[in-house]
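Here the structure is a predicted model, which is why all the values come from computation and not from measurement.
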Amino acid sequence: MTNIGRLQARLAEKGIECLLVSENANVNWATGFTGSFGFILVTPTAARFVSDSRYTLQAEEQVGSLMPTSTFAAPATVEKFLASHLQEMGVSRVSFESPYVAYATYEKWRDAFAPLELASAPDLIGSLRMVKSADEIEKTRAACKLADACWTHVSRLVRPGISEYDLGLEIEFYFRRSGAELAFDPIVVSGERSARPHGRPSEKLLERGDFVTFDFGAKLDGLCSDLTRTIVVGEATDRHHEVYDLVLESQLAAMKLMKPGASGKDVDAEARRVMGDYAKYFGHGLGHGLGRVVHDGGRLGTSSTDVLAVGQIWTVEPGIYIPGFGGVRIEDDVVVTADGVEILTHSPKGFTILPE
């Protein structure tokens, strides 16, 4: 079944007459449209795609085989254009994706769609997006392969005296040269700065004895990868080994629990159990769903209510971040199978000192 077919079945199940899909990642998931401005009007039995004149040709190329496409140009407005299509479709009530719609947008739609009833709908697509199709898994596999290749490339450049900023740029150049987008801005942090989980690359130069954490991902054919590796520059102490080994052990232990039916909360708790006293330095969740956006639906964390299912793709990324010393994070992408998980990222993650 196509993604739009899965959504239509969900609408029928929930008794929703018509849904206005406006969240860009949801539009992309349902139609394959890669532009920045698009909407779907979808009922349990029909669907229409709407955009503006910038995307007339692209909409027909990418969406035309799935559903009718229509575009408008100035002086028409998107609100009035959507309203005219709703009138043609003969619906009396249209629901919108309340988690993604600003109140000002709601007011415009309410006024333009009258006398149709405009109703709030919960996130109907998020849970559908969590379970990937075979095609989405293969595309994610390709994005992960590209991330692995990038790590092989950039790790060869690590040496004392190179800046975090230059390494971050090299990651971006590598993905761009390979025909991919950045899934997110790369993280490269070294020394004491590696205790910043989401630190941005700076002009700091790498020094001997630094932990260096690299976190980056490619977006290829609409699907994302997300890889983190931490190395030591030049020479390591016993403390470097201790912290690193705990993070790696916690990641491997958590992965062993990741099977269909497992609780995201329990998987996260296992990683913290292995860390022992160092768990106080692990402030974020163990992982998140991965898909058409890098932080897709689902969380592995202390308050997670998610349950693992076959076809879900997760990051598994424990970390220990010690102020004044540095931090370690190790992250892989995995797909849940009937027997456990398949690891999609394959870059070496044993304790590594660079340059070798």
Side-chain angles (χ1 to χ4, degrees), residues 143-144 146-178 180-219 224-248 250-251 275 278 280-284 294 315 317-333 345-356:
C144 289
L146 184 57
D148 284 332
C150 181
W151 174 241
T152 298
H153 169 73
V154 78
S155 63
R156 295 174 181 145
L157 305 178
V158 173
R159 66 181 186 277
I162 193 171
S163 73
E164 298 171 352
Y165 187 70
D166 284 338
L167 291 169
L169 283 176
E170 193 59 39
I171 292 168
E172 179 170 358
F173 292 159
Y174 188 91
F175 286 146
R176 300 291 189 193
R177 288 192 297 260
S178 301
E181 302 174 58
L182 293 173
F184 55 95
D185 291 338
I187 295 168
V188 183
V189 283
S190 62
E192 293 185 7
R193 297 190 76 250
S194 62
R196 305 180 184 207
H198 273 197
R200 296 295 181 89
S202 73
E203 294 290 354
K204 180 189 176 303
L205 305 181
L206 272 57
E207 303 175 51
R208 290 178 64 84
D210 278 352
F211 266 139
V212 189
T213 295
F214 298 80
D215 186 349
F216 54 86
K219 187 171 187 178
C224 297
S225 57
D226 191 357
L227 175 70
T228 304
R229 290 294 184 262
T230 302
I231 56 90
V232 181
V233 180
E235 59 186 1
T237 65
D238 290 343
R239 195 179 191 195
H240 285 107
H241 281 278
E242 178 188 19
V243 173
Y244 190 95
D245 290 349
L246 268 178
V247 173
L248 180 56
S250 71
Q251 189 206 40
M275 288 182 185
Y278 277 98
K280 65 185 177 183
Y281 297 115
F282 179 27
H284 57 76
V294 72
T315 69
E317 48 181 306
I320 291 175
Y321 313 94
I322 304 172
F325 173 66
V328 174
R329 182 166 64 258
I330 304 170
E331 176 183 23
D332 286 297
D333 305 334
T345 40
H346 301 291
S347 295
K349 56 185 176 184
F351 188 88
T352 302
I353 298 174
L354 294 176
E356 296 175 337

> Who passes ring pair (Phe, Tyr, Trp, His ring centres under 6.0 Å) against Y174, sequence neighbours left out?
Replying inline: H153
>> Taking side chain to side chain donor-acceptor pair (under 3.5 Å) as the definition, give me every residue that meets it alongside T230, ordered by chain and number, with sequence neighbours left out.
In response: T213
> At what distance, to the nearest 0.5 angstrom, does NE2 of H346 lie from CG of D333?
Replying inline: 10.0 Å
>> Please enumerate all residues that pass side chain to side chain donor-acceptor pair (under 3.5 Å) together with Y244, with sequence neighbours excluded.
In response: none
> Do P160 and L206 have side chains that get closer than 4.5 Å, going by heavy atoms?
Replying inline: no
> Who pairs with F214 by ring pair (Phe, Tyr, Trp, His ring centres under 6.0 Å), at least two apart in sequence or on another chain?
Replying inline: W151
> Above 12 or not: heavy atoms from other molecules or residues under 6.0 Å from CD of E356?
Replying inline: no
> Rounded to the nearest 0.5 Å, how far does CG of L227 lie from CD of E331?
Replying inline: 7.0 Å
> Does E164 use its side chain to pair, donor to acceptor, with the backbone of S190 at less than 3.5 Å?
Replying inline: yes
> With sequence neighbours left out, what residues match R176 under side chain to side chain donor-acceptor pair (under 3.5 Å)?
Replying inline: none
> Does E207 reach the side chain of V233, with side-chain heavy atoms less than 4.5 Å apart?
Replying inline: no
> Under the criterion side chain to side chain contact (heavy atoms under 4.5 Å, CB included), which of V212, I231, V232 is the partner of L354?
Replying inline: I231
> At their closest point, which heavy atom of L246 faces which heavy atom of M275, and how far apart are they?
Replying inline: CD1-O, 4.0 Å
> Can you name the nearest heavy-atom pair linking V189 to R200, along with the distance?
Replying inline: CG1-O, 4.2 Å
> With a 4.5 Å limit on heavy-atom distance, are the side chains of C150 and I171 in contact?
Replying inline: yes
> Mind checking whether H240 and I353 have side chains closer than 4.5 Å, heavy atoms only?
Replying inline: no
> Is the number of heavy atoms from other residues, nucleotides or ligands under 6.0 Å of Y278 OH greater than 12?
Replying inline: yes
> What heavy-atom pair brings P201 and P186 nearest, and what distance separates the two atoms?
Replying inline: CD-O, 3.4 Å
> Where is the tightest heavy-atom contact between R329 and T228, given as atom of each residue plus distance?
Replying inline: O-CG2, 3.3 Å
>> Could you go through V247 and F282, starting from their C-alpha distance and side-chain angles, then the distance that decides it, and tell me whether this counts as side-chain contact (heavy atoms from CB on, under 4.5 Å)?
In response: CA-CA 10 Å; V247 173; F282 179 27; over 6 Å; no
> How far apart are the closest heavy atoms of T315 and E317, and which atoms are they?
Replying inline: OG1-OE2, 2.9 Å
>> So, using side chain to side chain donor-acceptor pair (under 3.5 Å) as the criterion, who are the partners of D332 when residues are at least two apart?
In response: R229, Q251, T345, K349
> Using the ring of each side chain (for Trp, its six-membered ring), is F351 parallel, tilted or perpendicular to H241, with breaks at 30° and 60°?
Replying inline: parallel
> If every non-hydrogen atom of G326 is compared with every non-hydrogen atom of S194, which pair is closest and at what distance?
Replying inline: CA-OG, 3.2 Å
